[in-house]
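Some notes on the structure that comes next.
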Amino acid sequence: MFIALRDLWRSKLRFSLLAGAVGLLIFLLLFLNTLSATLLGFFIGAIENNSADVLVYEDTARRNLQASRIDPSVVGEVLTVPGVVAAAPIGELTLTATVDTELTDLSLWGVDLTGPGRPDPIVQGRLPGPGEVVVDESATAEGFEIGETITLIPSGTELEIVGYVQDRRYAVVATAYLDFTRWVDVFEQEFPGSPIIPLSLVAVEIASDEEAAVVGDRITAMVAGVEGLDRVSAASGTPGVDSISQSFTLIVGITFGIVVLVVGFFFLILTVQKLRSFVTLRAVGASTGYLAGSLIAQIIILVLLGSVFGTLLLMGATLGSNPAFPLSVDVRLVLTVTVAVLVFSVLSGLLSVRRIARADPAEAAQGTR
Amino acid sequence: MQLAIAEIRRRRGRWASIIGAVAFIVFLVLILAALADGLFIGSTGAFRNSDADAYVYSADGRRSLVRSALPVEDLESVTSVEGVADAGALGILLATAATDGDLFDIAVIGHLPGRVGEPTALTAGRRPATGEQFVGLADMSLRDKGIELGSLVLLTGSAQPVEVVGFVSDARYLLADTLWVTLETWESLRFEIRPETVGGGSVAQAFPIAVSGGAGVEAVTAAIDAALGTTETVTIDEAILSLPGVEQQASTFTAIIVVSFVVVGIVIALFFALITLEKRGQLAILKAIGSSNYLLLRGVLIQALIATVAGYVLGFALSRLLALVLPPAVPVEFLAGTARTLFLATIVMGALGAVLSFRRIIRIDPASALGGEA
């Protein structure tokens, strides 16, 4: 062990360059993961973390909430399906609004405040009454704070913010929730003279002994023109989610491969370069296990240094991130990535260990180069 | 030169691994760049492939085609603003459509045929005539959905299908395949599929405008906003960057690609630092028998060049192989121009990495060749 540290100390530049490269790559891994998690959370948080067990879409909407348009009478039909305890309408409208005199986009959800699909839990403040809304907490970055008033454009309707929910953003814009009947008023003001008030979804609460996916399928089968989905399928089925998560998985996978390759490759070169010294050490009695231990210790130190460096870079990046798209350092993610890189780097280091094990201590006595 | 190449040949394993490392990073960068290009092209075609100089939106539409609404009558006022050579109108309807029972997303875009703002690249068939109802131009991407000239596209919620009379290329909008119909057809479809919009009356969602020669685009956009009072007019470049996600995607991908290139540089630098260290003895001997610094440095540069070029070629091949097996949900697009830029960047970073070991080589004392151990 002692020899491993001495070696590191004697070739500081070389190891710091390598630790720098590993750090940059770990930063890339962390950054990509953080980015994709935040992006997906902003995109479908309102669906993934909905308080309903099953969400019902129009069957031709291709699981796209904004394309889904359901006749209000469907709520009653869904309620007759066995296993359904409660059903409530959800309406969604994406609007332009001003808050604090700034123009911004707003996704406005009309829900049954006590039924399935309700904004729950309220993490701060209270449920909205008439003329009031609760907003997703992430929208505070855009000025949506408790006590502020949202003005809808062009109707001029005013809504006061009285509470926050968490992880309930939709379509990457600020998201607000209010009572469904108030939402209908807003809809009528936005689309004067509209002959219909289409629902976006029907939110369903199921009996405690039922499974969401099963009840969803049952609704699909029994009610004409709709598709019932559990939250997870609804979230992952949203158009675009596939593209985003697959693209990121691909990039993260390749980056991970490169980290491991770079670490394994450099230790192999170092080992080949130091083979004579290793042979000598073995000739004077150092066991393969001892030498392998030193090598692995160096890899671990290097990856840990790289991870610290990568995390620092990530912190820098999150500090500099756009307040409208706040990235934060997830400790669990840092640990997972570090451990994964560590394990695979050590595995790739085994190539070098094999080289050491195969070296014949007798060569040291030959004195040839 | 000969020495540099002979060395690579004699130590194939080691050079294969450095080439492999470079190839992997190049592979990552190429895939990322293809993804960035694919997202950009698929999101912005409807705007990029237009002859408009600027777009007029309603002020409360926040530069969003979907959200903006302008009374069609305002088109006259826009046309009469000095410096406006031509003005068209656009409207968008995001819908689903079916051919043979398979549903897919489609963006129906209403436009004025023959006016500015229509998709420029007609690849087959003809354009709709002014005012012609229920015929349209399909983006080439719709061919994958089985749509051909003469196909009837039925939108969900509509009773009357649209006949495809022509194809345009590279005219997608936010990754959706587009169908370009006359503004009149678009309005009928919109009223039918989204009955709540009837009350809003006849609207367009943007006016693409062409500026007459000699007039400055900035001045004309300002003049339009001043004349109408309720609009926000932006240049075509601003309109493209204002599409949701486009600017963020571009900056994210650029950041990742830059980091990757720094890693390429570090990897090459480390590699040459290591082999230089190892060859100190031989290099001293070479110097002692008369090799100039110049000759040795040139050898290192040539080796770096060979490693990066070979790495690039391998990475390039890998990326094309991957493209063959990628699911269609991943929107990659390989462009020759991007490949060229990245090739140059790889070589430059490789050379920079190699240059870092120059100092080491120059400092080697030829006299040390006599000292036995280097």
Side-chain angles (χ1 to χ4, degrees), chain A residues 11 13-14 17-18 20-21 24-25 27-28 31-32 35 58-62 64 66-67 69 94-96 103-105 153-154 171-173 187-188 190-198 239-240 242-243 246-247 250-251 254-255 257-258 261-262 265-266 268-270 272-273 317 322 325 369, chain B residues 13-14 17-18 20-21 24-25 27-28 31-32 35 39 58-62 64 66-67 69 94-96 98 103-105 156-157 175-176 193-200 244-245 248 252 255-256 259-260 262-263 266-267 269-271 273-275 277-278 322 326-327 329-332 356:
Chain A
S11 31
L13 180 71
R14 185 189 306 176
L17 262 179
L18 187 48
L24 273 177
L25 287 166
F27 162 67
L28 209 55
F31 184 68
L32 287 170
L35 199 65
E58 184 184 18
D59 61 354
T60 55
R62 304 189 70 242
N64 180 354
Q66 286 173 329
R69 303 159 65 77
T94 306
L95 308 152
T96 304
L103 266 181
T104 84
D105 297 335
I153 309 280
V172 200
V173 300
F187 188 93
E188 282 172 340
E190 293 299 317
F191 299 103
S194 171
I196 49 154
I197 309 286
D242 245 16
S243 293
Q246 282 180 8
S247 304
L250 180 77
I251 303 170
I254 300 174
T255 313
I258 293 176
L261 193 91
V262 166
F265 162 66
F266 275 100
L268 191 59
I269 291 188
L270 285 177
V272 172
Q273 193 195 357
N322 188 340
F325 190 74
R369 282 207 108 165
Chain B
R14 173 174 302 191
S17 37
I18 177 72
F24 251 104
I25 301 178
F27 168 66
L28 171 74
I31 292 286
L32 280 171
L35 205 54
L39 285 170
S58 64
D60 57 17
R62 306 198 70 232
S64 155
V66 178
R67 218 81 58 65
L94 301 172
T96 57
L103 274 176
F104 52 87
D105 292 319
T156 308
L175 297 179
I193 297 173
R194 301 264 182 268
E196 68 271 21
T197 58
V198 175
Q248 295 88 325
T252 307
I256 299 174
V259 171
S260 306
V262 173
V263 174
I266 294 183
V267 165
L270 264 168
F271 181 76
L274 285 178
I275 60 171
L277 217 61
E278 203 187 16
L322 183 83
L326 274 184
V330 183
V332 291
L356 285 180

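Numbered from 1 within each chain, the chains take letters A, B, ... in sequence-line order. These values consider heavy atoms only, across backbone and side chains, with no hydrogens, waters or symmetry-generated copies.
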Excluding sequence neighbours, so at least two apart, what forms ring pair (Phe, Tyr, Trp, His ring centres under 6.0 Å) with A:F187?
A:W183, A:F191
Checking [X] against chain B: side chain, backbone, both or neither under 4.5 Å from a heavy atom?
| X | answer |
| --- | --- |
| A:S11 | neither |
| A:L28 | side chain |
| A:I197 | neither |
| A:E188 | neither |

For [X] against [Y], the heavy-atom pair lying closest together:
| X | Y | answer |
| --- | --- | --- |
| A:I196 | B:P195 | CD1-CG, 3.4 Å |
| B:R194 | A:R69 | NH1-CD, 2.9 Å |
| B:L39 | B:P331 | CD2-CG, 3.6 Å |

Option in [options] with maximal non-hydrogen atom pairs under 4.5 Å from chain B:
| options | answer |
| --- | --- |
| A:E190, A:Q66, A:R62 | A:R62 |
| A:S247, A:A317, A:P192 | A:S247 |
| A:N64, A:T60, A:T94, A:D242 | A:T60 |

Select one option (side chain, backbone, both, neither) describing which atoms of B:A69 are under 4.5 Å from chain A's heavy atoms.
neither
Using heavy-atom distances under 4.5 Å, tell me whether B:I25 contacts chain A through its side chain, its backbone, both, or neither.
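Both parts, heavy atoms under 4.5 Å.
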With the side chain counted from C-beta on, respond yes when B:L326 and A:L250 share a heavy-atom pair under 4.5 Å apart, and no when they do not.
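The answer is yes; the side chains approach within 4.5 Å.
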With A:A171, which residues qualify under side chain to side chain contact (heavy atoms under 4.5 Å, CB included), at least two apart?
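A:A171: no side chain to side chain contact (heavy atoms under 4.5 Å, CB included) contacts found.
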As an exercise: rank B:V262, B:D105, B:L94 by heavy-atom pairs under 4.5 Å with chain A and give me the winner.
B:D105
Chain A interface, residue from B:T96, B:T156, B:L28 that has the most non-hydrogen pairs under 4.5 Å:
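Heavy-atom pair counts peak at B:L28.
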Applying side-chain hydrogen bond (donor to acceptor under 3.5 Å, both in side chains) between B:R62 and each of A:T96, A:D105, A:T104, report the one that passes.
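Of the listed options, the one satisfying the test is A:D105.
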Calculate, to the nearest 0.5 Å, the distance between atoms CD1 and OG belonging to A:I251 and B:S260 respectively.
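Reported to 0.5 Å precision, the distance equals 9.5 Å.
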